[in-house]
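Sequence lines set the chain letters: A, B, ... in the order given, protein chains first and strands last, and positions in each chain run from 1. Keep in mind it's a predicted model, so treat the numbers as computed, not measured.
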2 protein chains.
Amino acid sequence: MKKTSPAVSCSNCSVRRLCLPVGLSDGDIERLEQVTRKKKVVRAGETLFRAGDPFDSLYAIRSGSFKSAVIGADGDTQVTHFALPGELLGLDAYSGGMHPGYAEALEESSVCVLPFTQLEGLAQQVPALQKQIYSIFSEELKQENEALLLLGKRSADSRLAALLVNISSRYSRRGYSASDFVLSMQRIDIANYLGLTAETVSRLLSRFQKQELIRVQGRSVTILDPIALSELAGTHCSYEN
Amino acid sequence: MKKTSPAVSCSNCSVRRLCLPVGLSDGDIERLEQVTRKKKVVRAGETLFRAGDPFDSLYAIRSGSFKSAVIGADGDTQVTHFALPGELLGLDAYSGGMHPGYAEALEESSVCVLPFTQLEGLAQQVPALQKQIYSIFSEELKQENEALLLLGKRSADSRLAALLVNISSRYSRRGYSASDFVLSMQRIDIANYLGLTAETVSRLLSRFQKQELIRVQGRSVTILDPIALSELAGTHCSYEN
DNA sequence: CGGAAAATTGAGAACGATCAACCAAGGTGG
DNA sequence: CCACCTTGGTTGATCGTTCTCAATTTTCCG
């Protein structure tokens, strides 16, 4: 007897190689699909969750993009992450039972809703899923550490270069062009993420263009000199310790 | 029949309320103790692991303190965390199978070595342990987000104030004085962690003292005006959960 | 179209870095 | 025991990157 698979499922999802199904057998993926049944579409500017919302689900991005941010005691916000398809949102809400920050769609986006109690239960039975969850947590921590290095040690131009290189490589992994892409976030979000101001970001983009490192047209970016850009970002070779 | 418990174990550990045993039944703690058998003593300045070391264990701090840092491609380092008893080191090494950064003891310290395969296996059988591991990962992510906010948005004096308040409340949670403590790290580590220079940290400490917010004598700090300091830090509430 | 939001560009100010001198504590060897 | 050196910390003077304030221009979208 042949199964009628749902219109959207992990098995035929375009980001299954970057998402929870990594390392899972076909059988396990089928069980995961029982958990990922519910989808949700979020339009540009809408939030998936806000700071203080109770935690019950994780969200896996199917398409689109998000910014996550935390809100300080005095009300100012720090963009902590730009999230692309295949990535999980809401991991920092497990401890404490509520979301410490919010996630806002930067464009029309679609996510899988993952009720955490169910996911937890399944992970208890499927070691490969367990491992993948650890792996995602760990990877996230590693990336945050990189972000700390960026904010703590690098100059403004180095930070912006690093972001461009980062986004480029992430698009590339997802099968899109590494040299031509559209920044789905606005300048002020980039600035906020990098600990700069919108003016500085704007000036730097103009300068990078003048230096023929990139070409910018509004939100469209073309990377002309990836090597030089990586060097600026400080992520190329390692000499001296 | 009465069990002879080992000299050092989770059950009689002074930080069991902050560490992995949280939420575990006595029976489960006994099973956890099978995993946490091995201890290690690290002297001041020695590393628990270095960047690139293969990942096989997590380390739970029993006593002392550590700094963790990541090393950028061009060799400069960013201190990402100051770790106190009850906290876990090495979580960011799971994905990738090697430590992306190093952990160095700031004073004579003692840790439990937790072989991760064993811990993983036990967590598979003990849901409460599983939850606690998730919780620790999640908490760590939340703290890193706070650190990003600090580096991205706050002024130098606000950053230093936040660190003092943070350390104060963490000592307090561990049963030590919230107002009198010794900074186990040197000025340059504080500066590195906060994205500043040692000179700026030194100047600010002097200024705080002149403003009668604190008293500093070398590495000994007394907090005189916790309210004003918290306001400076931009976080009017303590870190308790 | 027209109005609002976003992005760019310019000029001046400010915060923190850099460079440099100095001090205190601890260790080492003569 | 003291001269010497090293390391960590403090303080001062100056410089430069990035912010702030402000004026336009461009883009977005009803």
Side-chain angles (χ1 to χ4, degrees), chain A residues 43-46 67 76-79 104-108 149-164 182-211 214-221 232-234, chain B residues 43-46 67 76-79 104-108 150-164 182-211 214-221 232 234:
Chain A
R43 275 165 300 184
E46 288 182 350
K67 65 171 174 184
D76 62 0
T77 70
Q78 169 73 34
V79 173
E104 180 187 318
L106 295 168
E107 58 196 306
E108 169 111 358
L149 176 69
L150 206 67
L151 289 186
K153 291 274 163 310
R154 310 286 197 206
S155 62
D157 52 3
S158 179
R159 292 183 209 181
L160 183 57
L163 178 64
L164 292 172
V182 173
L183 296 169
S184 57
M185 70 295 288
Q186 47 187 63
R187 298 289 191 266
I188 197 169
D189 293 324
I190 296 177
N192 190 317
Y193 174 67
L194 297 175
L196 303 170
T197 59
E199 292 94 324
T200 300
V201 170
S202 185
R203 273 185 255 274
L204 287 173
L205 285 172
S206 302
R207 210 191 74 198
F208 285 180
Q209 179 159 243
K210 202 167 292 170
Q211 295 171 325
I214 62 172
R215 239 180 61 77
V216 207
Q217 182 55 251
R219 295 193 178 180
S220 309
V221 173
L232 236 184
Chain B
R43 275 164 301 182
E46 287 182 351
K67 66 171 173 182
D76 61 2
T77 70
Q78 169 73 34
V79 174
E104 180 187 318
L106 295 168
E107 57 195 307
E108 170 113 357
L150 205 67
L151 289 185
K153 292 275 161 309
R154 310 285 197 205
S155 62
D157 52 3
S158 178
R159 292 183 208 181
L160 183 57
L163 178 64
L164 292 172
V182 173
L183 296 169
S184 57
M185 69 295 288
Q186 43 186 67
R187 299 288 190 267
I188 198 169
D189 293 325
I190 296 177
N192 189 319
Y193 174 67
L194 297 175
L196 303 169
T197 59
E199 291 95 325
T200 300
V201 169
S202 185
R203 271 184 256 272
L204 288 174
L205 286 173
S206 301
R207 210 190 75 198
F208 285 180
Q209 178 158 242
K210 202 168 293 167
Q211 295 172 326
I214 61 173
R215 238 179 60 77
V216 208
Q217 183 57 253
R219 293 191 180 180
S220 308
V221 173
L232 236 185

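With 3.5 Å as the limit, one finds a donor-acceptor pair spanning the side chains of B:N192 and A:K153. If you check the side chains of A:T200 and A:T197, you find a donor sitting under 3.5 Å from an acceptor.
Counting to the nearest Å, the C1' atom of C:dA5 and the CG atom of A:D189 are 13 Å from each other. Between A:I188 atom CD1 and C:dA5 atom P there is a gap of 13 Å when expressed in whole angstrom units. One interatomic measurement links the two molecules: CZ of A:R207 to P of C:dG10, which rounds to 14 Å at whole-angstrom precision. Atom NZ of A:K153 is separated from atom P of C:dT18 by 10 Å (rounded to the nearest Å). For the pair A:F208 CZ and C:dT8 P, the computed distance is 13 Å after rounding to whole Å. Between the P atom of C:dT8 and the CG atom of A:L183 lies a distance of 11 Å, rounded to the nearest Å. Taking atom CD of residue A:Q217 and atom P of nucleotide C:dA6, one finds them 18 Å apart after rounding to whole Å.
For residues 200-209 of chain B, the salt bridge (charged side-chain N to carboxylate O under 4.0 Å, His left out) pairs, not counting sequence neighbours, are B:D157-B:R207.
Position along DNA chain D of the nearest nucleotide to A:A156 versus B:V201 favours B:V201 as the more 5'-ward residue. Between A:L196 and B:S206, the residue anchored closer to the 5' end of DNA chain D is B:S206, taking for each the nucleotide with the nearest heavy atom.
Among residues two or more places apart in sequence or in another chain, the salt bridge (Lys or Arg N to Asp or Glu O under 4.0 Å) test is passed with B:R215 by none. When the side chain to side chain contact (heavy atoms under 4.5 Å, CB included) test is applied to A:I188, the partners found at least two apart in sequence or on another chain are A:Q186, A:A198. In this view, B:E108 satisfies the salt bridge (Lys or Arg N to Asp or Glu O under 4.0 Å) rule with no residue, not counting sequence neighbours.
Using a 4.0 Å heavy-atom cutoff across all strands shown, A:R159 reaches no nucleic acid atom at all. A:R219 comes within 4.0 angstrom of sugar-phosphate atoms only, judged by non-hydrogen atoms across all strands, and of no base.
B:S206 contributes a side-chain N or O that, together with a main-chain N or O of B:S202, makes up a donor-acceptor pair within less than 3.5 Å. Between the side chain of B:S158 and the main chain of B:L232, a donor-acceptor pair closer than 3.5 Å is present. In this structure, the side chain of A:E104 does not engage the main chain of A:E46 through any donor-acceptor pair within 3.5 Å.
Note that the first and last nucleotides of DNA chain D, 5' to 3', having any atom under 4.0 angstrom from a heavy atom of chain A are D:dT18 to D:dT27.
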Please list, for nucleotides 19-26 of chain C, all pairs of protein and nucleotide N/O atoms separated by less than 3.5 Å.
from	atom 1	to	atom 2	distance (Å)
C:dC19	N4	B:E199	OE2	3.2

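OP1 or OP2 of C:dA17 sits under 4.0 Å from a side-chain N or O of B:T200.
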